[in-house]
Amino acid sequence: MPAYRSTQATVLTFTSEATWPVTGYRTTCPPGMLALLERAWDTRPGRRPRGGPDYLPTRSLRDLLTLIDPDITSVQTNPRDPAWLRARTEVDPDLLLIALSAWASARVAPHMPDTDWYSQLEGAGQLEWIPEELDLARHDLHANGTANPPSHVFNLLPSLVAEHLTSNGLQLLGHHRDLRLGPTRADGRRTLHLGAPETLTDTDGSAGASVDVLTFHLETVPGVPEVHLHVDLNMTRLATRPVEYIPRRGFSDPTASVLLSAKEGFVHRRERPMLLQSGVTIQRRGESSTWTWEPGVAEILARLTHHQPPSLDQLRTAPGDAAAQPFAAHLVHSTGMTYRCPDKDGAPPVRSVHDHPVGHGYQPRDHMEVLPGAPTSWRRRGWLRSRPRPRPRPAPRRSCLWSCPTPLPTKSRYGCPPTGPGRACKSLPPRSSAWPPADPQRLPPASRGRSTSRSTAATPGT
């Protein structure tokens, strides 16, 4: 097994002649549709007055639109953005209206249950798709030579790379992986789950599941003209036993993340194969606790799907069974969570609770295993592995305060070689009537700024 002295991240860069053309369409939210949604959002009960703009809750809408149509490549958080939606082709307007109406009834205006959002949004305006051509491998430079890619490169490139692997496959350590896209993120990062979760039970009886995850994101380095694509190897640990305790972060109620998936699709079979992220809030009142869904994509999908939505009671008492349903819910493990140990043959277990059996993190050799498989399918796109640049050596330090040009192996009090008591540095000018030198930079710091007459009078032998 190879050994590595330090962790080397998997970093890829484009070659100088590489191109990644992307031809598609972009659109923005119609003004009439946006005004209708903002008026309903402003009338929701319990709204606090804000000094600035109160933006619409578009995080769940971004995940929903990315899911239902695989031709949609990116969704911006701000509906006023000229490139709010980007797609390979013009998207079916009926499918978009169905998603927007479900999002509006669940997140924007749940206090208006009798509103026919489909009809109102349909009459508020139509999406106008504008064709565009982009090249994700081209970018400008800053004045100091640092790469300056436009915003659409950060938004599109990580997701398109992850989708490219999903379509063409990825082989790691001699095994082909069943890849699934992870949830979208506002910063452009995209995750790729390498197969289905695997369950592990250790010798102490602790059980849990885990799945390997690749995270794609872009970075720029000061002074480097290339854009770096980082491929980070991580893991996601999932719960399979009844939850006993979830720690609280800060002063609010405890929360837990949940990944949602459906093999046959949430709404239709043409969906993009990806996971959606939701969350639950645990409200503790004495000895009892109540689990509730956080506002987001889970309640929107419950209005659209033909599957039975996941049960929170089942997610709490039997997370492994909740993950095996057609509308699956995977409870994500976080540090501090504990689980109940099952009884063995009717006898109580030795331990009442246990931690997750899968340790977190990888060794440096595990990160290196991504290199042989990842660049193989990207070579046609012009990707190359970025080699670490050697660190520049520091400039040689000046040998003494007198601008001595001779390199010195040792230093004395003033940076000069130990020439003995009463002896001067050999690089200094001789003490004569010509002392001090005309160049003030050759004077020691204590002599700079003094007058010439005073320095001459203090010099012996003049």
Side-chain angles (χ1 to χ4, degrees), residues 58-75 87 91-92 94-103 105-107 159 162-163 165-167 169-170 177-185 190-199 209-214 236-240 256-280 291-333:
T58 56
R59 177 181 176 183
S60 55
L61 179 63
R62 182 181 68 242
D63 291 337
L64 182 63
L65 294 179
T66 307
L67 167 75
I68 62 173
D69 197 326
D71 290 331
I72 296 179
T73 55
S74 70
V75 182
V91 182
D92 184 6
D94 291 336
L95 189 61
L96 286 178
L97 286 175
I98 291 174
L100 288 172
S101 59
W103 167 70
S105 60
R107 293 289 294 118
S159 294
E163 291 188 16
L165 285 180
T166 305
S167 303
L170 177 64
R177 304 299 183 103
D178 182 16
L179 307 178
R180 288 191 297 176
L181 292 171
T184 61
R185 289 182 52 171
R190 198 62 186 271
T191 57
L192 189 64
H193 289 242
L194 306 181
E198 298 180 3
T199 304
S210 67
V211 59
D212 298 329
V213 177
L214 293 180
T236 299
R237 297 181 290 175
L238 307 171
T240 58
S257 298
V258 180
L259 294 177
L260 306 175
S261 65
K263 292 183 178 180
E264 299 181 358
F266 294 99
V267 183
H268 55 86
R269 294 180 179 272
R270 189 175 164 268
E271 293 175 357
R272 178 180 276 111
M274 62 176 289
L275 299 169
L276 300 178
Q277 185 169 2
S278 185
V280 293
W291 287 34
T292 56
W293 287 108
E294 293 182 353
V297 71
E299 56 183 349
I300 301 176
L301 289 177
R303 301 169 181 261
L304 296 176
T305 184
H306 57 279
H307 300 295
Q308 179 68 27
S311 171
L312 287 178
D313 292 336
Q314 186 182 38
L315 185 64
R316 176 181 178 179
T317 59
D321 295 339
Q325 302 298 322
F327 191 151
H330 308 268
L331 183 62
V332 180
H333 172 83

Nearest atoms (heavy-atom pairs only) where [X] meets [Y]:
{"X": "V258", "Y": "V280", "answer": "CG2-CG1, 4.1 Å"}
{"X": "A256", "Y": "L331", "answer": "CB-CD1, 3.8 Å"}
{"X": "L312", "Y": "W291", "answer": "CD1-O, 3.2 Å"}
{"X": "A298", "Y": "W293", "answer": "CB-CE3, 3.8 Å"}
{"X": "A323", "Y": "H330", "answer": "CB-ND1, 3.4 Å"}
{"X": "L315", "Y": "A329", "answer": "CD1-O, 3.7 Å"}

Close side-chain approach of [X] to [Y], heavy-atom, < 4.5 Å:
{"X": "M274", "Y": "T166", "value": "no"}
{"X": "L67", "Y": "V267", "value": "no"}
{"X": "P70", "Y": "R270", "value": "yes"}
{"X": "T240", "Y": "P319", "value": "no"}
{"X": "L301", "Y": "F327", "value": "yes"}
{"X": "E198", "Y": "V211", "value": "no"}
{"X": "L100", "Y": "L95", "value": "no"}
{"X": "L238", "Y": "P197", "value": "yes"}

Atom pair [atom1]/[atom2] of [X] and [Y] - distance to nearest 0.5 Å:
{"X": "I68", "Y": "F266", "atom1": "CD1", "atom2": "CZ", "value": "12.5 Å"}
{"X": "L214", "Y": "L165", "atom1": "CG", "atom2": "CG", "value": "7.5 Å"}
{"X": "S60", "Y": "I300", "atom1": "OG", "atom2": "CD1", "value": "3.5 Å"}
{"X": "S257", "Y": "E294", "atom1": "OG", "atom2": "CD", "value": "7.5 Å"}
{"X": "T191", "Y": "Q277", "atom1": "OG1", "atom2": "CD", "value": "8.5 Å"}
{"X": "L275", "Y": "D63", "atom1": "CG", "atom2": "CG", "value": "11.0 Å"}

**Message:** Go through it in stages, so that I can follow the logic: the residues are L64 and L304, the test is side-chain contact (heavy atoms from CB on, under 4.5 Å), and I'd like the CA-CA distance, side-chain angles, deciding distance and then a yes or no.
**Reply:** CA-CA 11 Å; L64 182 63; L304 296 176; 4.2 Å; yes

**Asked** Under 3.5 Å, is there a donor-acceptor pair linking the side chains of R190 and S159?
**Response** yes

**Asked** Between T236 and H193, does any side-chain donor sit less than 3.5 Å from a side-chain acceptor?
**Response** no

**Message:** Does atom CZ (R59) have a neighbourhood of more than 12 heavy atoms from anything else shown, all under 6.0 Å?
**Reply:** no

**Request:** Mind running salt bridge (charged side-chain N to carboxylate O under 4.0 Å, His left out) on D69 and R272 for me, showing each step along the way?
**Result:** CA-CA 7 Å; D69 197 326; R272 178 180 276 111; over 6 Å; no

**Prompt:** Taking the side chain from E264 and the backbone from P326, do they hold a donor-acceptor pair closer than 3.5 Å?
**Reply:** no

**Request:** Could you walk me through whether L181 and L192 pass side-chain contact (heavy atoms from CB on, under 4.5 Å), step by step?
**Result:** CA-CA 5 Å; L181 292 171; L192 189 64; 3.8 Å; yes

**Prompt:** Can you list the residues that meet the side-chain hydrogen bond (donor to acceptor under 3.5 Å, both in side chains) rule with R107, with sequence neighbours excluded?
**Reply:** none

**Request:** Apply salt bridge (charged side-chain N to carboxylate O under 4.0 Å, His left out) to E299 and list each qualifying residue two or more places apart in sequence or on a separate chain.
**Result:** none

**Item:** Audit row: L259, L276, side-chain contact (heavy atoms from CB on, under 4.5 Å) steps and yes/no
**Value:** CA-CA 6 Å; L259 294 177; L276 300 178; over 6 Å; no

**Prompt:** With respect to R303, which candidate in P309, S105, S101 satisfies the side chain to side chain contact (heavy atoms under 4.5 Å, CB included) definition?
**Reply:** S105

**Item:** Residue pairs passing the side chain to side chain donor-acceptor pair (under 3.5 Å) test where at least one lies in residues 304-325, sequence neighbours excluded
**Value:** S289-R316

